[in-house]
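All chains are named by letter (A, B, ...) in the order of the sequence lines, taking the proteins before the strands, and each is independently numbered beginning at 1.
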Protein chains: 2
Amino acid sequence: MNKIEVLIVDDHQIMLDGIVALLNRSKQFEVIAQTTNPNEALELIKTKNPAILITDISMEGLSGIELCKQVKSIKPDVKVLALSMFNDKETITEMLEAGVDGYILKNTGTEELLNALQKISLGQLFFSNDVTIEMLKTITQPKLVQTEPINLTQREVEIVKLIGDEFNNAQIGEKLFISERTVETHRKNIFRKTNTKSVAGLIKYAIENKIV
Amino acid sequence: MNKIEVLIVDDHQIMLDGIVALLNRSKQFEVIAQTTNPNEALELIKTKNPAILITDISMEGLSGIELCKQVKSIKPDVKVLALSMFNDKETITEMLEAGVDGYILKNTGTEELLNALQKISLGQLFFSNDVTIEMLKTITQPKLVQTEPINLTQREVEIVKLIGDEFNNAQIGEKLFISERTVETHRKNIFRKTNTKSVAGLIKYAIENKIV
DNA sequence: ATTTATATCCGTGCCACTACGGATGTATGG
DNA sequence: CCATACATCCGTAGTGGCACGGATATAAAT
């Protein structure tokens, strides 16, 4: 059975040595190249053609995010595993957009790294638990804000939504089984409450408050 | 070593039997109760106090989503693993919001189920690869819209901004030293180009495209 | 040279929405 | 019991925006 060929880039020499030593003990993976220079890594990928690239995220010269994007554009089949100290939402989101196949934190155990490499080599994705939790927050958080600061009554929120969907007063009346006049009154009250004076302002308010 | 106690609810009897049989062979987990009725499941959780609840998502009477929410509110320590046939974005998002600890697809292998149960019992999260891919889409998709092209001319963008600032046509005309009629024409063209028919839609478009 | 996109301007008529000022019934809470 | 908030409804008057159908000038693209 052939070993899976891995390329590692990390501008911290110690970290780099550590990972290399760890993988050298593995029977499944083989480090075919290593570098502290991300630009050099890009060249190595072209020439050495590894199956997996393990990359640090914050590096001088070329960030892991940029590196990942470039790798994916020139060699889409190369799997990329991001290795980071941080698990902030922004970095994670950017890495995901860059098309990363896995993202693990540097403080996680060695078996986590091997686990990740295994999954990734099978074409699956792998994310550290902490990273998954952050992803979850990104997905659910916007929805949580929704329930917080709304002065509007339930009925008024309904009206706002329908206004947002480009319905006019008559149509809204039909949908809610109320008179067009009532809709007008709600509108009036909504504008007063939201301190807006046109549909433009209202929609901005609605979007800010996640009503639409 | 004590076995981890599991409660299973699935309104498909065959599926239920299958999972129970599978877990009965496991040395790590023990099925302490099973039911096809989600409402009964809720009662069983109160009385039997399992460590993990495995639940189907689409069930008659009480959906897995609602069940999860209720379980988490009365017994926050009970871990919930969702089992579903589908991996659509909406269901996944709803389950995440309900506070689920894991989500796997019914077509995945048995070792995936055991894997998930292990992780979850350790307080971690577990999601099937397909589910993770959907989550990824949810995170990255909204950002992709952002980079989409803007058909509007410079002048039109100015107008849109001013509309967003709640100015009427006359005021916009004053500010830009053009006739109110010209503003109206621009408006007309803007609505056509953005494929919107009211200020509401326009502002939504403007916000999505970062014009406002 | 002609088409296309842009930016400017104009008239007319209609209707949706706004402003203003009411009214009624039902909860909820002090 | 009364005040308050909410949801419902109505009339009148006025106007802002929309539809439709034009026009002119400039610049870039074909």
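Side chain of B:Thr138 to backbone of B:Glu134: a donor-acceptor contact under 3.5 angstrom is found. When atom types are taken as modelled, the side chain of B:Asn129 and the backbone of A:Leu125 share a donor-acceptor pair closer than 3.5 angstrom. A distance-only check finds a donor-acceptor pair linking the side chain of A:Thr185 to the backbone of A:Arg181 [under 3.5 Å].
For D:dT8, neither phosphate oxygen OP1 nor OP2 lies less than 4.0 angstrom from any side-chain nitrogen or oxygen of A:Arg181. Distances shown here put every side-chain N or O of A:Thr185 at or beyond 4.0 Å from the OP1 or OP2 atom of D:dA7. Taking only side-chain nitrogens and oxygens, A:His186 never comes nearer than 4.0 Å to OP1 or OP2 of D:dA7.
Looking at the side chain of B:Thr182, the nearest of the listed nucleotides C:dC9, C:dT6, C:dT18 is C:dC9.
Between the CZ atom of B:Arg192 and the P atom of D:dA19 there is a distance of 12 Å, rounded to whole Å. For A:Asn189 and D:dT8, the CG to C1' distance is 11 Å, given to the nearest whole Å.
Residues A:Lys161 and A:Glu158 form no side-chain contact, since every pair of their non-hydrogen atoms from C-beta on lies 4.5 Å or further apart. Side-chain contact between A:Asp56 and A:Val9: absent, with no pair of heavy atoms (C-beta onward) separated by less than 4.5 Å.
Listed by residue number, the members of residues 169-178 of chain B with any heavy atom below 4.0 angstrom from DNA chain D are B:Asn169. The stretch residues 160-168 of chain B touches DNA chain D through B:Asn168, each having a heavy atom within less than 4.0 Å of the strand.
As judged by a 4.0 angstrom heavy-atom cut-off over every strand, A:Arg155 is placed among residues touching the sugar-phosphate backbone only. If you check every strand for non-hydrogen atoms under 4.0 Å, B:Ser179 touches sugar and phosphate atoms only.
Exactly one residue among B:Asp11, B:Asp17, B:Asp10 makes a side chain to side chain donor-acceptor pair (under 3.5 Å) with B:Gln13. That residue is B:Asp17.
Between A:Lys188 and B:Lys188, the residue whose closest nucleotide on DNA chain D is further toward the 5' end is A:Lys188.
For B:Leu122, the CG atom counts as densely surrounded, since its 6.0 Å shell holds more than 12 non-hydrogen atoms of other residues, nucleotides or ligands.
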